[in-house]
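Since we're looking at a predicted model, the values are computed, not measured.
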Amino acid sequence: MQHASGNFIIIMDADLSHHPKFIPEFISKQKEGDFDVVSGTRYLGDGGVYGWDLKRKLISRGANFLSQVLLRPGASDLTGSFRLYKKEVLQKLVEHCVSKGYVFQMEMIVRARQFKYTIGEVPISFVDRVYGESKLGGNEIVSFLKGLLTLFATT
């Protein structure tokens with residue numbers, strides 16, 4: 001962040017699971033509402049996931065459902081990581097977030113709401129990576145649940 005010269009920072013997967021073609025939509029959405037955060041969502045409008053098996057889809061949907069019920073974040077996709085942030089907003093959120101792994105993405109949105117930042121959403125298509133493997137395993141799921149309960153208790 002310290003080397004970023006602009007007023008905005010976009011976070012996305014380097015393996016192009018997040019296609020850069022959506023970036024203009026993020027920018028338009030940000031300008032439309034002067035949003036502090038614009039988050040890509042797989043679960044609204046034309047958004048979707050391609051290349052995942054049923055188990056992975058159920059885990060993602062289940063994680064988002066539990067998060068919605070417990071945290072009421074006002075955003076539809078807490079576990080995604082394709083986002084545009086105002087630089088100063090991202091700096092403050094990173095300073096206050098304590099989570100690691102998949103919980104970090106969720107905490108960023110929850111903390112944004114806690115600090116009264118505004119969040120816009122853009123439907124995106126997520127395409128599973130062609131090379132490499134997901135880090136999502138049993139340990140990450142347990143860590144996610146612990147992190148979810150911690151956020152529920154502390155926010």
Side-chain angles (χ1 to χ4, degrees), residues 1-4 6-20 22-23 25-26 29-30 35-44 47-49 51-52 55-129 131-155:
M1 277 189 290
Q2 63 190 357
H3 301 292
N7 296 322
F8 299 92
I9 295 177
I10 292 178
I11 308 289
M12 61 190 292
D13 287 0
D15 65 3
L16 297 181
S17 296
H18 297 136
H19 199 289
F22 295 107
I23 292 173
E25 293 177 49
F26 280 61
K29 178 59 93 171
Q30 192 287 322
F35 292 106
D36 298 304
V37 179
V38 177
S39 184
T41 178
R42 299 162 289 182
Y43 303 124
L44 286 180
V49 176
W52 279 0
K55 176 183 168 189
R56 182 74 192 266
K57 286 180 180 179
L58 288 174
I59 289 170
S60 179
R61 283 286 193 171
N64 273 288
F65 176 77
L66 280 173
S67 301
Q68 294 295 330
V69 169
L70 292 177
L71 303 176
R72 302 277 183 216
S76 65
D77 191 349
L78 292 185
T79 58
S81 60
F82 194 0
R83 297 185 181 151
L84 177 150
Y85 293 90
K86 289 183 177 176
K87 184 177 177 181
E88 70 273 8
V89 168
L90 180 59
Q91 288 170 325
K92 183 173 180 179
L93 291 173
V94 168
E95 288 170 10
H96 288 85
C97 284
V98 297
S99 303
K100 304 282 185 245
Y102 288 95
V103 178
F104 176 78
Q105 298 301 340
M106 179 173 58
E107 184 178 359
M108 292 289 280
I109 294 293
V110 171
R111 297 280 178 220
R113 284 288 186 218
Q114 188 178 40
F115 295 137
K116 307 287 189 237
Y117 291 134
T118 55
I119 302 169
E121 292 187 295
V122 170
I124 63 162
S125 299
F126 179 89
V127 179
D128 198 19
R129 66 182 50 84
Y131 300 104
E133 294 180 18
S134 171
K135 298 175 292 287
L136 183 62
N139 290 340
E140 275 295 330
I141 293 170
V142 170
S143 293
F144 174 83
L145 292 171
K146 286 180 184 176
L148 177 62
L149 293 175
T150 299
L151 285 173
F152 176 69
T154 61
T155 58

Residues L149, L70; criterion side-chain contact (heavy atoms from CB on, under 4.5 Å); working and verdict: CA-CA 8 Å; L149 293 175; L70 292 177; 4.3 Å; yes

Pairwise distance OG(S143) to NZ(K100) - rounded to 0.5 angstrom: 12.0 Å

Shortest non-hydrogen contact between D13 and H18, atoms and distance: N-ND1, 2.8 Å

Shortest non-hydrogen separation from N64 to Y43 and the atoms involved: ND2-CE1, 3.3 Å

Rounded distance (nearest 0.5 Å) linking atom CD of Q30 with atom OG1 of T118: 8.0 Å

F152 side, atom CZ; L66 side, atom CG - distance, nearest 0.5 Å: 11.5 Å

Side-chain heavy-atom pair T79, R42 within 4.5 angstrom cut-off: yes

Separation between OG of S99 and NZ of K146, rounded to the nearest 0.5 Å: 13.0 Å

Nearest heavy atoms of D77 and E121, plus distance in Å: N-OE2, 3.7 Å

Under 3.5 Å: donor-acceptor pair, side chain of E95, backbone of L90: no

Working for side-chain contact (heavy atoms from CB on, under 4.5 Å), residues K55 and L58: CA-CA 5 Å; K55 176 183 168 189; L58 288 174; 5.9 Å; no

Reported CZ-to-CD1 distance for the pair F26 and I124, which is rounded to 0.5 angstrom: 5.5 Å

Nearest non-hydrogen partners of I11 and Y85, listed with the distance: CG1-CE1, 3.8 Å

K87, NZ: over 12 other non-hydrogen atoms inside 6.0 angstrom: yes

Spacing of L151 atom CG and L71 atom CG [to the nearest 0.5 Å]: 6.0 Å

Which atom of P73 lies closest to which atom of S67, heavy atoms considered: CD-O, 3.9 Å

Closest heavy-atom pair and its distance - R83, Q105: NH1-O, 2.9 Å

Under 3.5 Å donor-acceptor, S17 side chain and V127 backbone: yes

F126 ring center near F82 ring center (under 6.0 Å): no

Criterion side-chain contact (heavy atoms from CB on, under 4.5 Å) on M108 and V37, from CA distance to verdict: CA-CA 10 Å; M108 292 289 280; V37 179; over 6 Å; no

Pair F115-V89, side-chain contact (heavy atoms from CB on, under 4.5 Å): steps then yes or no: CA-CA 10 Å; F115 295 137; V89 168; over 6 Å; no

Side chain Q91, main chain M1, donor-acceptor under 3.5 Å: no

Partner of D36 by salt bridge (charged side-chain N to carboxylate O under 4.0 Å, His left out), out of K86, R113, K92: K86

